[in-house]
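Following: one structure in structure tokens, then a few remarks.
Each chain gets a letter, A, B and so on, in the order the sequences are listed, and its residues count up from 1.
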Amino acid sequence: MEMKKNVGRVTPEECAEIQALFERKNGLAELAKIVTADNTELYEKLVKDMGETGTKFQAWWDEKAKKYGWESHPKGNWEINFQTLEITLVVNEV
Amino acid sequence: MDSRIVMDNKIRQDIPLWENGVAKNITFIVTKDCQLACKYCYLVGKNSKERMSWDVARQAIDYVLSQKDYNQPSVVWDFIGGEPFLEIELIDRICDYIKTEMYRLQHPWFNSYRFSFSTNGINYHEPRIQHFIEKNRTHLSIGITIDGTEKKHDLNRIYKKSGRGSYQDVVRNIPLWLSQFPGGNTKVTISSDDIPYICESVLHLYELGIKDVAINCVFEDVWKDGDDVVFEQQLVDLADVIIDHELYQEHFCSFFMEHIGKPLNPDTDNRNWCGAGMMLAIDAAGNFYPCTRFAQYSLRNKPAWIIGNVKDGIDSNKLRPFLTLDRTTQSAEECVNCEVASGCAWCQGENYDAADTHTLYQRSTAICKMHKARVRANNYYWNKLFRKLELEGRREEFEKQKEKVKNPVC
Amino acid sequence: MMLQYLIILLDDMSVSYCHYENPSKVRRLIDLDVLKRGIVWGMKENLNIQFVYPDDELPQEYNEVIESIDHTKIKPQGQDEDADVVVLTEWNGEDVEVKSGVSYIIRTTREKLRGAMSSVHALLKKVNRLNIVMTDVEEFKDGDIDDYKALLEELKECLVDLYGQERNVQLNLLTDRLLLSQMNNCGAGDSTVTLAPNGKFYLCPAFYYEKPMDDVGGLDVGLNIKNQQLLRLDHAPICRHCDAYQCRRCVWMNQKTTLEVNTPSHQQCVMAHLERNASRELQSQLKRNGMKLANSLDIRKIDYLDPFNNYNQWR
């Protein structure tokens, strides 16, 4: 069963940051499916970029969770609504 | 922790356009062929010969990505036909090239793009389509067109060769589509013969699991005497079911928008309805158009409005009339002074095609009586819904959550 | 605006007095009956009639019919005995014999004008009014701005010099704007309509020569200009915000370049604004020289050459 709870909100600027990282992360992941190692110019750049973007993405959540003190749960994850800027805790209890 | 967009689940509203509609829209007319020959289709020049070549597609992408004045933060790469999925191999190659080039050029659009499709859904399940979807999963927007009940759908959406209805071949793919795109919406087109089936068709789509139904009357002059009366009654019947069964909580139908049917101020509400000119469409010959509706296969009476091509680029003079269009300059006095003007839509391509001269500036009024009928039914819907919500003490919550009406992208 | 003028092309080879080229190679004189009916139609509509003449002389009976009504004669050089407006085809200014009260037109490209500036100076010394019609507007590039500016500057200096000698010549490109407080455009299809030798009406002669199928009625069926509102200033989204009042706002060039009669091309706007700005400099200089300009409002400084680029401000 899924439980959802509104646990906070971020500023529009903060939302724009994570949205851009989210989009870039997805873009890189889908690009990785078609860029092969023999395309050395792009491949090396892409691998490095994926690492850096993933780190920034995680850092955003860590930083904001600390800043706002969002409620958490061992079986849960947070979700952000890019329209409303709201953070929801989603808990999956099987 | 991951993130995703979460939809409100209390009162269903129109889904906001991706990037609030500020994205640049680039449309590839990859083919003018389709398995179907829908009776209401505005594409009068469909054929199986005009298929886009890879060379034209690549030149178009190179041109678009080199434009410095395309400063929109996001882009929607749109693929239409005919039926775009007939050209899935080409589309796959185009999308791969777009992704690679946006990344290689460090184009800002790499961080904000979508590939968008309007499909008849017939070959949606095929492995080659599914492979493409899997490959581009997080950047896709796919709309399958299904018109409602089998009877209503098959009235118009028939196979080109056999004349057989296509409902069964589409509906079998709806569960797969909705499992991949849970917020998937469909676009329903209403022509004169469809009017008696509107209510049952919208409800049928809801039953299929499609929660957002974008529906509109065709802009062409097809309406018969009395159509508006039947249309109004269909919408009133639909309003009753939606409200009595509280379907409004999870479902949306674009016929019912709270802010339509009001007068518009000629000075402050003077924006053009249509986005033609902000978009760029490319056909198989490599010609550029302000919107697909200005390509020759869309036009009955007028010559194509070509604004350039992949070799020479865009002739900005031919875009100027689009970019300076406003509501009042193109409208007849009866429209400027209309008491129920808001929400009355127009298609710039149809205006051009139906105009008495070679102009964008003559707004077609063929839809007038249908809009007025819609406004009356819409008033009924909101009066009834507000009354119900007040009785249940939920009006305040509703008011807080509702969004203002937006111009749809056609 | 209501219809005020009727232009009657007396022949397919009537002289061009405006931006368009006349491609006709064969004479086709208007039927005498069509001419008579055209004149009667103009009288009934209370219009001023302007006859546009070909190179060759007209038969005497035509002249008699024409003289039956007040009118203006637009004639090519060489046929200019009793003309009101003369189109100069060869314009070595030193050689041209001019008459008082007659307006002269030269149709030219920038390149040709640059090479013949001394002839223009000579003409300006003699005529009351000279209209310079640029025939290469469509080819104008942003890289040509300085070149056209320099040409206008030279013409301006010539006018300052002549005004200093109290010779009050008019030059459309530079002096019209000084006297205008609102748009004064060509008015094709709005204040003016053209009757062609085929008995049909056109927005202007250019439409007849370029697209003879695009008539707007005829003597048999009457005048029928569809979407006539689009020919009015209030239905021209760019022009109604513009103060290059001297601009011809040529609807034929509009349709050719932007595909809309109510929308000017970038080229037409830039050239008109260079003329407007040169008029402003002329105005300043004449004022500095102590000249009093009747009915001349100050032309303000602006920072654009194409009002389209400002459209977000006036939308």
Take B:Asp326 and C:Arg240, measure what salt bridge (Lys or Arg N to Asp or Glu O under 4.0 Å) needs, and give me the verdict at the end.
-> CA-CA 13 Å; B:Asp326 59 50; C:Arg240 66 188 176 210; 2.8 Å; yes

Evaluate the criterion side chain to side chain contact (heavy atoms under 4.5 Å, CB included) for residue pair B:Tyr361 and C:His235; output intermediate values, then yes/no.
-> CA-CA 9 Å; B:Tyr361 282 80; C:His235 275 66; over 6 Å; no

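Formation of a donor-acceptor pair under 3.5 Å by the C:His266 side chain with backbone atoms of B:Ser316 is not found in this model.
Looking only at side-chain heavy atoms (C-beta outward), B:Arg320 and C:Cys269 come within less than 4.5 Å of each other. In this structure, the side chains of B:Asn317 and C:Gln267 come closer than 4.5 Å at one or more pairs of heavy atoms.
Remark: B:Tyr352 OH to C:Leu259 CG distance equals 7.0 Å, nearest 0.5 Å. With rounding to the nearest 0.5 angstrom, the OG1 atom of B:Thr357 is 11.5 Å from the CD atom of C:Gln228. Note: C:Thr263 OG1 to B:Leu323 CG = 10.0 Å, rounded to the nearest 0.5 Å.
Of all heavy-atom pairs spanning C:Glu260 and B:His358, the tightest one is OE1-O, 4.0 Å.
Counting heavy-atom neighbours within 6.0 Å of B:Asp225 CG, excluding the residue itself, gives a total of 12 or less. By the 6.0 Å contact criterion, NZ on B:Lys302 is enclosed, its count of non-hydrogen atoms from other residues, nucleotides or ligands being greater than 12. Enclosure of atom NZ in B:Lys372 is not indicated, since only 12 or fewer non-hydrogen atoms of other residues, nucleotides or ligands lie within 6.0 angstrom. For C:Glu111, the CD atom sits in a loose shell: 12 or fewer heavy atoms of surrounding residues, nucleotides or ligands are nearer than 6.0 Å. By the 6.0 Å contact criterion, CG on C:Asn46 is open, its count of non-hydrogen atoms from other residues, nucleotides or ligands being 12 or less.
Contacts from residues 327-337 of chain B to chain C, taken as heavy-atom pairs separated by less than 4.5 Å, involve B:Thr329 in sequence order. Inspection of non-hydrogen atoms places C:Lys226, C:Asn227 of residues 195-227 of chain C under 4.5 Å from chain B.
Looking only at heavy-atom pairs under 4.5 Å with chain B, the residue among C:Asp234, C:Asp306, C:Val261, C:Asn254 that has the most is C:Asp306. Most heavy-atom pairs under 4.5 Å with chain B: of the set C:Ala236, C:Pro264, C:Ser265, this distinction falls to C:Ser265.
Neither the backbone nor the side chain of B:Asn270 comes within less than 4.5 Å of any heavy atom of chain C. Looking at C:Leu230, only its side chain comes within 4.5 Å of chain B, counting heavy atoms on both sides. For a residue to count as touching a neighbouring chain, one of its non-hydrogen atoms must lie under 4.5 Å from one of that chain's; by this rule B:Ile307 does not touch chain C.
A side chain to side chain contact (heavy atoms under 4.5 Å, CB included) with B:Thr324 holds for exactly one of C:Thr258, C:Asn262, C:Ile238; it is C:Ile238.
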